[in-house]
Colleague: 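Let me give you the structure first, and then I'll get to my questions.
Here is the naming used below: chain letters follow the sequence lines, and residue numbers restart at 1 for every chain.
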Amino acid sequence: MNSWQFNNGVLKTNVPPAFSLDACLSCGQTFLFTKTKSDGWHGAVNGKAILLKQQSDILYIENSTEEDIPFWHNFFAFDVDYAPLQTAFVKDEFLANAVLFEPGIRVLRQPFFETLLMFIISQNNNIPRISGIVGRLCEAYGTPVSYKNFSGHTFPTAQQMASCTVESLAFLRAGFRAKYIVDAVQCVTKGTVTQERLATLNTEEARKLLLQIKGVGPKVADCVLLFACGRFEVCPMDVWMMRVMQTYYPNGFPAEIEPFAGIAQQYLFHYARHNATLFDDKG
DNA sequence: ACCCAGGCCAGAC
DNA sequence: GTCTGGCATGGG
């Protein structure tokens with residue numbers, strides 16, 4: 001188990017074996033951070049501008065206080081021991097390739113509302129354009145924060161967006177997704193769909209509740225359950241993942257992998273993105 | 001010009 | 001219940 005220390009505005013902790021900050025933040029599960037010219041990651045997260053750095057097995061979080069420790073501990077899911085889990089993964093011939101390709105990945109627990117909107121926005125969309133839309137969203141509704149040479153805006157809370165309408169969101173150029181964003185904001189501010197409420201439900205019920213939001217289908221719902229709610233057994237199914245399951249796991253994941261199917265999926269997703277040709281014509 | 005993008009909705013069978 | 005076209009916009 002890692003332990004945290006605080007000194008002079010900087011949190012630091014020892015990280016688990018093989019942990020890679022770069023891998024965690026660039027493997028496609030989050031868009032909250034931008035890589036700096038040097039070796040760190042800037043972000044407007046947890047209500048402030050922070051700078052994340054990893055040097056060997058130490059993780060530094062600059063511009064923080066001791067009160068931020070629970071947030072980051074939960075964010076990186078340091079309560080989850082990856083050792084037994086990776087042991088199970090590498091016993092599987094297909095999954096072993098993906099894990100060994102980038103063993104530093106961990107599935108994060110990201111803020112709920114941000115994750116919900118991010119994946120609504122990302123449907124049928126490409127990453128550069130997603131970044132543009134989210135940038136405009138934060139600038140308009142978020143809180144300005146800065147640290148050192150970085151200044152940005154936090155991702156807005158649902159409350160900060162409470163008054164938005166399809167018309168007032170036109171500047172986002174989010175296209176048909178604008179009405180989905182409005183409905184998500186309404187559901188969260190009215191308390192119909194909240195992280196607290198989802199936490200009281202089992203995974204199947206939680207999925208059903210998320211599906212009540214317009215523009216949230218099975219894919220987005222599962223991404224929220226996995227990336228924000230820590231339901232690590234949930235495996236978001238895009239067309240590519242469907243093909244992988246049909247080809248390599250026609251009877252589903254092995255029993256020891258199933259409880260962490262979402263984490264397995266993230267290793268596979270990252271592996272596939274960097275080895276696109278390996279996965280053509282498999283199904 | 002053309003195709004595609006971590007999908008989803010509405011309407012047609 | 002399952003399948004298909006259309007969707008807003010912009011990057012490659």
Colleague: Keeping the roles fixed (side chain from Thr154(A), backbone from Val45(A)), state whether a donor-acceptor pair exists under 3.5 Å.
Modeller: no
Colleague: Provide the start and end nucleotides, 5' to 3', of the part of DNA chain B that has atoms under 4.0 Å from heavy atoms of chain A.
Modeller: dA5(B) to dA10(B)
Colleague: Separation of Asn125(A) atom CG from dT9(C) atom P, in whole Å?
Modeller: 11 Å
Colleague: So, does Gln86(A) use its side chain to make a donor-acceptor pair with the main chain of Pro103(A) at under 3.5 Å?
Modeller: yes
Colleague: Looking only at atom P, what distance separates dG12(C) and dG6(B), rounded to whole Å?
Modeller: 12 Å
Colleague: Measure from CG on Asn126(A) to P on dC7(C) and round the result to the nearest Å.
Modeller: 19 Å
Colleague: Backbone N or O of Thr13(A) within a donor-acceptor pair of the Asn2(A) side chain at under 3.5 Å?
Modeller: no
Colleague: For the side chain of Asn275(A) and the backbone of Tyr271(A), is there at least one donor-acceptor N/O pair under 3.5 Å apart?
Modeller: yes
Colleague: Between Glu205(A) and Arg207(A), is there a donor-acceptor pair closer than 3.5 Å when you use the side chain of the first and the backbone of the second?
Modeller: no
Colleague: Between dA8(C) and dG11(B), how far apart are the two P atoms, rounded to whole Å?
Modeller: 14 Å
Colleague: Within this structure, what is the CG-SG distance for the pair Leu225(A) and Cys235(A), rounded to the nearest 0.5 Å?
Modeller: 12.5 Å
Colleague: Are Phe260(A) and Tyr267(A) an aromatic pair by the rule of ring centers under 6.0 Å?
Modeller: no
Colleague: With a cut-off of under 6.0 Å to the ring centre and 45° to the axis, is Arg106(A) in cation-pi contact with Tyr82(A)?
Modeller: yes
Colleague: Specify the residues of residues 202-231 of chain A, ordered by number, for which at least one heavy atom lies under 4.0 angstrom from an atom of DNA chain C.
Modeller: none
Colleague: How long is the straight-line distance from CG of Asp68(A) back to CG of Asn63(A), given to the nearest 0.5 Å?
Modeller: 8.5 Å
Colleague: I need the Arg273(A) CZ to Phe101(A) CZ distance, nearest 0.5 Å.
Modeller: 10.5 Å
Colleague: Nearest 0.5 Å, what's the CD1-CD distance between Ile61(A) and Gln54(A)?
Modeller: 11.5 Å
Colleague: Is there a residue in residues 259-266 of chain A whose heavy atoms reach under 4.0 Å of DNA chain B, and which residues are they?
Modeller: Gln265(A), Gln266(A)
Colleague: Answer yes or no: is there an ion pair linking Glu62(A) with Lys148(A), defined by an N-O contact shorter than 4.0 Å?
Modeller: yes
Colleague: State whether the side chain of Thr194(A) and the backbone N or O of Gly191(A) hold a donor-acceptor pair below 3.5 Å, judged by distance alone.
Modeller: no
Colleague: By a strict heavy-atom criterion of less than 4.0 Å, which residues belonging to residues 166-186 of chain A are in contact with DNA chain B?
Modeller: Phe176(A), Tyr180(A)
Colleague: Listed in order of residue number, which residues of residues 105-124 of chain A have a non-hydrogen atom at under 4.0 Å from DNA chain B?
Modeller: Gln123(A), Asn124(A)
Colleague: Return yes if some donor-acceptor pair links the side-chain N/O of Gln266(A) with the main-chain N/O of Ile263(A) below 3.5 Å, else return no.
Modeller: no
Colleague: Please check this pair: side chain of Asn14(A) against backbone of Ser3(A), looking for a donor-acceptor N/O pair closer than 3.5 Å.
Modeller: yes
Colleague: Dot-bracket for DNA chain B, please. Rules: Watson-Crick or G-U, both distances under 3.5 Å, ( ) within the strand, [ ] when a pair crosses earlier ones, | for another strand, . otherwise.
Modeller: .||||.|||||||
Colleague: Rounded to the nearest 0.5 Å, what separates atom CE in Met1(A) from atom NE2 in His73(A)?
Modeller: 5.0 Å
Colleague: Run the side chain to side chain contact (heavy atoms under 4.5 Å, CB included) check on Val134(A) and Phe155(A) step by step: do they pass?
Modeller: CA-CA 8 Å; Val134(A) 172; Phe155(A) 199 100; 4.0 Å; yes
Colleague: Return yes if some donor-acceptor pair links the side-chain N/O of Gln29(A) with the main-chain N/O of Cys24(A) below 3.5 Å, else return no.
Modeller: yes
